[in-house]
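Okay, structure first, notes after.
Sequential numbering from 1 along the given sequence is applied to the chain's residues.
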Amino acid sequence: MQRIGVFVCHCGTNIAGTVDVHAVAEALKMEPGVVFSIDYQYMCSEAGQNIVKDAIKEHKLTGVVICSCSPRMHEGTFRKAAASVGLNPYMVEIANIREQCSWIHKDKQTATEKAIILGKAAIAKVHLNAPLTAGTSPVTKRALVIGGGIAGIQTALDIADAGFEVDIVEKNPTIGGKMTQIDKTFPTLDCAACILTPKMVDCAQNDKIKIYSYSEVTDVKGFVGNFTVTIKRKARYVDETKCTGCGECTEKCPMKKVPNEFNLGLDTRRAIYIPFAQAVPKVATIDPDYCNMIKNGKCGLCAKVCGAGAIDYKQQDQFIEEKYGAIVVATGFNPIKLDNFDEFAYSQSPDVVTSLEFERLTNAAGPTAGTLLRPSDGKHPHTIVFVQCVGSRDTSGCGKPYCSKICCMYTAKHAMLTREKYPDTDVYVFYIDVRTPGKNFDEFYRRAVEQYGVHYIKGMVGKVVPQSDGTLKVQASDLISNEQLHIDADMVVLATAIEPDKSARSLGTMLTASMDTNDFFTEAHPKLRPVESPTAGVFLSGACQGPKDIPETVAQAGAAASKVIGLLVKDSLTCNPCVAHSNELMCNGCSACEKVCPYGAITYMDKEFKMPDRTVAIRRVASVNEAVCQGCGACTVACPSGAMDLKGFSNSQIMAEVDAICK
């Protein structure tokens with residue numbers, strides 16, 4: 001017979017403000033098996049935990065029910081408290097009467113009745129709980145960083161500095177990400193390349209870091225401490241071990257009209273190319289979609305001029321498999337496409353550009369060598385209109401409902417730098433709100449207005465119409481003066497919203513990581529665990545988790561690295577004892593559970609069974625590797641015969657909770 005103790009928490013007024021906690025404690029005292037029931041102001045406090053410990057010892061409790069906030073918050077706290085006085089921690093159940101009750105009800109009577117029902121369900125489950133013992137699993141002391149932008153670079157460097165090996169997988173031919181395309185950074189206006197490229201070089205020279213550029217992750221198996229990852233190394237058609245990055249091949253290639261993605265299509269490159277001068281690794285890559293030798297067997301000039309003999313037209317994609325203890329997602333962001341914003345004439349005029357394209361036009365390493373020229377005719381623009389929030393804070397369905405966070409600041413930067421370098425240029429900025437929450441950010445914005453004379457207009461641009469003389473007629477509203485404005489602009493710059501990289505969704509599926517409706521990775525807890533994914537062993541770095549500027553990205557990268565280091569320093573991890581197990585007498589060997597298991601924990605074997613007539617029958621049955629199983633429960637749902645069950649969450653325990661709720 002179970003001896004159960006019930007402990008109801010006030011949680012200040014979070015619970016007690018809506019739930020009559022004393023009535024809950026009194027009602028649950030009458031449940032079968034309950035020998036002790038009490039309510040207390042803060043059950044998770046040291047004093048509250050001592051009440052639980054003392055009650056376990058005094059009343060010889062065999063089970064504990066805590067009616068409090070989410071088990072996600074304090075289940076570990078109460079399990080440790082129970083274990084410290086000799087009670088198996090898996091004999092503790094949490095009834096969530098905060099998030100699932102008090103926070104979603106306004107009527108106190110209704111909330112109190114529901115809290116009692118949730119407590120009864122937890123008591124019913126404790127009656128069927130059995131002590132569980134956690135095992136251990138070893139930790140592979142190597143980390144994987146997916147994405148080689150500033151977030152991935154900083155994360156990898158910090159992990160390597162702690163003495164652990166780390167691999168960077170980057171889908172582009174070079175690491176560096178979006179920061180390589182930026183000219184200056186706000187609010188200090190220092191050169192982006194000057195602060196990024198030393199870190200890129202550090203990555204290449206660090207003997208603890210291995211860079212898999214022009215590669216992508218295609219499969220992830222395993223669990224925290226023991227991930228097995230398949231990496232696809234795309235064929236460069238250039239041997240990385242031989243290429244010296246001299247650039248001779250890129251100069252001689254006759255195919256010159258390939259759109260240059262590094263400059264966002266504002267100029268062209270050759271079929272064999274090195275993305276930019278400071279690329280890491282500085283190795284040439286052949287674009288198979290444009291190379292005549294690969295497409296039709298004609299040319300081969302780059303191979304003839306390559307003194308190192310690095311060109312290999314027969315190179316194939318390679319798949320390699322590596323083991324890691326932790327994975328960091330740093331897949332970054334992209335500006336949204338402007339297909340749904342025809343009112344700005346982006347597809348009609350080359351002089352309507354995005355902010356990132358404007359960065360390339362003002363960058364010394366860009367298509368115009370840093371001289372600001374109109375893409376249409378190469379002339380200097382004298383009137384530029386910047387449009388804020390293009391696709392951000394958009395609830396119409398065309399854009400994104402969230403604020404992209406960085407647009408206000410980089411537009412102020414563009415406006416300031418334009419006025420500084422070209423004082424004869426009039427600059428207008430149309431905005432909904434100016435958001436400058438960072439350190440020295442508001443001062444930076446006011447400097448653009450007060451010192452450089454940028455015209456900030458609170459209002460919306462309704463339409464941009466290309467004119468026959470090459471100008472752009474901008475129709476807009478000034479909400480302060482309540483006037484309609486018509487500006488003849490030479491260029492229009494759109495501050496486009498940013499969104500997660502397109503690879504994020506498929507990668508999230510491979511990692512079984514949670515994502516929100518906008519495809520940003522979801523953190524385990526927005527305040528207390530901001531760099532951890534709900535999937536153990538998977539961490540988040542940079543804009544894959546939400547819009548961020550460079551300082552915030554670097555800070556989060558360091559935080560993610562510290563979490564990884566904290567994991568990798570351990571020789572072994574305590575396993576979750578709530579794992580699947582198979583009733584071999586009921587198993588029909590259908591393989592349904594094996595097919596749905598995301599961790600590869602289920603295999604099948606032939607087993608002998610003695611029949612009533614003393615004959616021996618051989619049957620195919622499921623076997624669970626408890627060291628690999630993570631207790632997700634997918635197999636228990638898929639099993640048609642009911643042979644698969646989950647320790648700690650068995651079918652009988654779940655049904656006992658349901659019965660208690662339905663009484």
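Residues T188 and N440 have side chains not in contact (no heavy-atom distance under 4.5 Å, counting atoms from C-beta outward). Two residues are said to be in side-chain contact when any heavy atoms from C-beta on lie closer than 4.5 Å; V427 and M416 fail this criterion. Within the 4.5 Å cutoff, no side-chain heavy atoms of I498 are placed close to those of N334.
F430 has its ring centre no less than 6.0 Å from the ring centre of Y456. F386 and F358 have their aromatic ring centers within a separation under 6.0 angstrom. Close placement of the F441 and F186 rings is indicated, their centers lying within 6.0 Å of each other.
Applying the salt bridge (charged side-chain N to carboxylate O under 4.0 Å, His left out) test to residues at least two apart or on different chains, none of the pairs has a partner in residues 320-329. Residue pairs meeting the salt bridge (charged side-chain N to carboxylate O under 4.0 Å, His left out) criterion with at least one partner in residues 331-352, sequence neighbours excluded, are D351-R374. Listed by first and then second residue, the salt bridge (charged side-chain N to carboxylate O under 4.0 Å, His left out) pairs that reach into residues 392-413 are E359-K413, R393-D433, K400-E499, K405-E552, sequence neighbours excluded.
Scanning for ring-ring contact (aromatic ring centres under 6.0 Å, His included) contacts around Y410 gives H414, with sequence neighbours left out. Applying the side chain to side chain donor-acceptor pair (under 3.5 Å) criterion to N263, with sequence neighbours excluded, gives D267, R360. Residues passing the salt bridge (charged side-chain N to carboxylate O under 4.0 Å, His left out) test with R233 are E240, sequence neighbours excluded. Residues passing the ring-ring contact (aromatic ring centres under 6.0 Å, His included) test with F227: none are found, sequence neighbours excluded. Under the ring-ring contact (aromatic ring centres under 6.0 Å, His included) criterion, Y237 pairs with no residue at all, not counting sequence neighbours. In this structure T436 satisfies the side chain to side chain donor-acceptor pair (under 3.5 Å) test together with D442, sequence neighbours excluded. Residues passing the side chain to side chain donor-acceptor pair (under 3.5 Å) test with R142, sequence neighbours excluded: E165, D167. Y402 meets the ring-ring contact (aromatic ring centres under 6.0 Å, His included) test with F520; sequence neighbours excluded.
In this structure, a donor-acceptor pair under 3.5 Å is absent between the side chains of T174 and N172. Q388 and T411 are linked by a side-chain donor-acceptor pair at a separation below 3.5 angstrom, with hydrogens and angles left out of the test.
Within a 6.0 Å sphere centred on CD of E443, heavy atoms belonging to other residues, nucleotides or ligands number more than 12. For K178, the NZ atom is densely surrounded, since the number of other residues' heavy atoms within 6.0 Å is greater than 12. Shown here is M73, whose CE atom has more than 12 heavy atoms of other residues, nucleotides or ligands within 6.0 Å.
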For residues 629-638, tabulate all N or O donor-acceptor pairs below 3.5 Å that involve a side-chain atom, not counting sequence neighbours.
from: Q630; atom 1: NE2; to: V628; atom 2: O; distance (Å): 3.3
from: T636; atom 1: OG1; to: G633; atom 2: O; distance (Å): 2.7

